[in-house]
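Note sheet for the following structure.
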Amino acid sequence: MASLNGTSHNPIDDELDFSDIEAKYRVDFDDGFDSVIVVDGVPIIDKSKLDKLLAKISKEFSRRGAVIKPDDIFVPWDDNAGKTKGFIFVDLGNPDAAAFAASAMNGHPFDTKHTFRINRFTDIERYASIDETYVEPTVEEYRPKEHLRAWLADSQGRDQYVTYRGDDVEIHWHGKPSQCEVAYAKKNWTELYASWSPLGTYFATLFRQGVRLWGGPSWEPQHRFAHPLVKLIDFSPCENYLVTWSHDPISVPSNLPQGPEFFSPEDEGNNIAVWDIKSGQLLRTFPTTTYENEDPAMKKQMQWPALKWSSDDKFVARVTPGQHISVYELPTMGLHDKKSLKIEGVVDFEWCPHGEKDKEDAEKAAKADKTEKGAKKRENMLAYWTPEVANQPARVTLISFPSRTVLRQKNLFNVTECKLHWQNQGDFLCVKVDRHTKTKKSIFCNLEIFRVREKDYPVEVVELKDTVTDFSWEPKGERFAIVSSNDPNLGNPGPGITIKTDIGFYQLDRAKNDFKLLRTLTSRTSNTIRWSPRGRHVVLATVGSSTKSELEFWDLDFSTEERREGQNVKEEWGSGIQQLGSADHYGVTDVEWDPSGRYLATSASAWRHTLENGYAIWDFRGQELEKHILDRFKQFIWRPRPRSLLTKDHQRQIRKNLREYSRAFDEEDAAEESNVSAELIAHRKRLLDEWNAWRARCKRDIVEEKRSRGQKLNGEHHEEEKEEIEEWIDEVIEQIEEEVVE
């Protein structure tokens, strides 16, 4: 073949180029399949189980907010085997829904053997043709985040507290008078109330839209949880999770944003939500527990917290009264072993707290072989009680978890009510049993105390003739205190009537393996017991009374002069109990120790009454340090501290050299006091100099005025020079001898 220019051309030498045709008729996969996702990890089944599988998959997707129907699912089949291939295609209808479903369901545990792995259909084509040429990523500028526990590094070792007054929320530093200052203040920081997390890391505020967490030195927002009209919140002990509750059932409007941090149609009608704090994602929702088959007149209020956490944040449980206890595993929030603890008639339960010994055992178990003696980690434990039903007695049961082994049971008779009180180290459980006589005309109380650390969990019984209105364990100790009363007005006090109470202190007698009464304080009006976090010191307060507002400060290990001098003095039971002081805070509604156990705060909240609202801070001896009367004052909360990072050996070393350390602090206090005195003297001297200068100026003005009028001065004007002496008198008003509280 000849070309137009007369030269020959061989068609074999050139390949046909169809690029223009391919570009014109190229099929764009993103145009038709961007709403389809591919789900791997689906169980392989035959056709007999297909409908059930599709229904369950649809339910799982819908529960996470990606609403689908079985008709939206395409299932590939292996014709030779007659079974599915282990993956499916799901059409979500639009790209946004597909993106949300891929994000929400990827990694979702379908069952114990299958976990979903999800990709967009269009991504598979894109990954197949991805350019493998390495492109160095752009490195973003590093922006360090603030440390959420920076307040612990305060050079002056101060604690913090928050006050809520009117619309103003303030966070204060608290220390010596010269160290007290406002750390941060903000108006309209909360619409309902404020709360600290259990370890003090986060500061929570509540709004109509939900809950916000704040933290760091600048108090920047850390997380947000969208639960409209939220009323109550509760943190897990390790601050990993948050529970919110609203009286209004969850409603999901059509325009609500979708995502793992928002409610889905499956959550509608529920009131309680569980959130992951670090990710901000919603884990699960629950309805409010109702009390079935009860007389409406006797219906109890909702119990809060409605969900109760194990000390290690691994489990959370809720009770369905009269039926069962449901325990959920974290972080999946799946029901443990897919079944609840069915307990007929169950009323209430409590998890056993983990103490310092449990923490040490957990560390040993992580480092050493678990078969080694003392290195085995202690299982979680919970206690529950059931009432008398027909001929069956009431019963208290200890059970380990997750093994579900029953450790101890105790039968009880003539029971009206039980309250479970764990000691904070998990060493003891006290079951306060309100019992009635056979005629049911009078109520008395027994204390059933389980020694949990000992073999076979022995139980000691303390029998009381009166009704116990308050019970409190000493932190990290073997003592407890009770408030009891036989006042006929108890339970139905009229206006202006004060209930007379007795205060009892008890301690475990190791020689007799029994709890022995140390001392009884009679004819008191105290109705509230508040132990110092360090133990030893306790405050007895009259709270919520319109006529009495007394505070009594007691030391249960008061050291005598002989014991301080190291003499061997025989001490009788209860002889070390000494009252350190007494005070009064009119209208007191709340009493709270600071984390160090050195200071006590009392407050009168406007939520309870409107008379002399405000707060006061006292030392452990009952000396008032500061008091503020503030109208519209609502709330005072100390900021909690996490556990000390010091080992027991380090703590013992510090106690051993405490006098040496205290010498340095005494020098700082003396220097500060000297500076204050020097400033005061300089201020007074400056005022005196100003007075003398003014007086001399007035004299000169008088002399000049007389001379200007031509008046003769009588005699010569001689002004005697007078020596002015400033006299300081020191008067000792009160001398107090203090001992260092370790």
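Just so it is clear, the model here is predicted, and its values are computed rather than measured. Note: hydrogens, waters and symmetry copies are ignored here, and every other heavy atom, side chains too, is used. In what follows, residues are counted from 1 in the order of the sequence shown.
With salt bridges taken as basic N to acidic carboxylate O contacts below 4.0 Å, none links Asp159 and Arg639. A salt bridge links Asp358 with Arg378: the closest approach of a Lys/Arg side-chain nitrogen to an acidic carboxylate oxygen falls below 4.0 angstrom. Ion pairing between a basic and an acidic side chain is recognised when a charged N comes within 4.0 Å of a carboxylate O; Glu60 and Lys56 show such pairing. Taking 4.0 Å as the cut-off between side-chain N and carboxylate O, Glu170 and Lys186 do not count as a salt-bridged pair. Look at Glu350 and Lys308 and you find a salt bridge, because one of the NZ, NE, NH1 or NH2 atoms lies within 4.0 Å of a carboxylate O, short of that distance.
Within a 6.0 Å radius of CZ in Arg643, more than 12 heavy atoms belonging to other residues, nucleotides or ligands are found. By the 6.0 Å contact criterion, NZ on Lys83 is open, its count of non-hydrogen atoms from other residues, nucleotides or ligands being 12 or less.
In this model, a donor atom of one side chain and an acceptor atom of the other lie less than 3.5 Å apart for Thr201 and Glu239. A side-chain donor-acceptor contact under 3.5 Å links Thr244 and Trp275. In this structure, a donor-acceptor pair under 3.5 Å is absent between the side chains of Asp649 and Thr647. Between Asp312 and Asn380, the side chains place a donor N or O and an acceptor N or O closer than 3.5 Å (distance only, hydrogens not considered). Ser35 and Asn94 form no side-chain donor-acceptor contact under 3.5 Å, judged by distance and modelled atom types alone.
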For residues 334-346, tabulate all N or O donor-acceptor pairs below 3.5 Å that involve a side-chain atom, not counting sequence neighbours.
{"from": "His336", "atom 1": "ND1", "to": "Arg404", "atom 2": "NH2", "distance (Å)": "3.1"}
{"from": "Ser340", "atom 1": "OG", "to": "Ser326", "atom 2": "OG", "distance (Å)": "2.8"}

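For the pair Lys47 and Trp77, the distance from NZ or CZ to the six-membered ring centre is under 6.0 Å and the angle to the ring normal is within 45 degrees. Figure legend: cation-pi geometry between Arg149 and Trp151 absent, as NZ or CZ is not positioned both under 6.0 Å from the six-membered ring centre and within 45° of its axis.
Centroid-to-centroid, the aromatic rings of His108 and Phe61 stay 6.0 Å apart or farther. Aromatic rings of Phe401 and Phe315 (six-membered ring for Trp) have centroids within the 6.0 Å cut-off, being under it. You'll find the ring centres of Trp309 and Tyr241 inside the 6.0 Å limit. Ring pair Phe450/Tyr457: centre-to-centre distance not below 6.0 Å. In this structure, Trp189 has its ring center closer than 6.0 angstrom to the ring center of Phe203. Aromatic pair Tyr184/Trp214: centroids not less than 6.0 angstrom apart.
When side chains are defined from C-beta on, Pro260 counts as touching Phe100, because their heavy atoms get closer than 4.5 Å. Side-chain atoms of Ile277 and Leu213, non-hydrogen and from C-beta on, do get closer than 4.5 Å to each other. Between Tyr202 and Arg212 there is no side-chain heavy-atom pair separated by less than 4.5 Å. Between Val42 and Thr84, every side-chain heavy-atom pair lies at or beyond the 4.5 Å cut-off.
With hydrogens and angles disregarded, a donor-acceptor distance shorter than 3.5 Å links the side chain of Thr190 to the backbone of Leu206. A donor-acceptor contact shorter than 3.5 Å links the side chain of Gln651 to the backbone of Leu646.
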**Evaluation steps, side chain to side chain contact (heavy atoms under 4.5 Å, CB included), between Val452 and Trp422** = CA-CA 10 Å; Val452 180; Trp422 282 101; 3.6 Å; yes

**Request:** Go through the steps for Gln303 and Asp348 under the test side chain to side chain donor-acceptor pair (under 3.5 Å), then give the verdict.
**Result:** CA-CA 10 Å; Gln303 186 184 49; Asp348 195 14; 3.1 Å; yes

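The side-chain hydrogen bond (donor to acceptor under 3.5 Å, both in side chains) test applied to Ser264 returns Asp267, not counting sequence neighbours.
Of the candidates Ile399, Leu398, Thr397, Leu382 forms a side-chain contact (heavy atoms from CB on, under 4.5 Å) with just one, namely Ile399.
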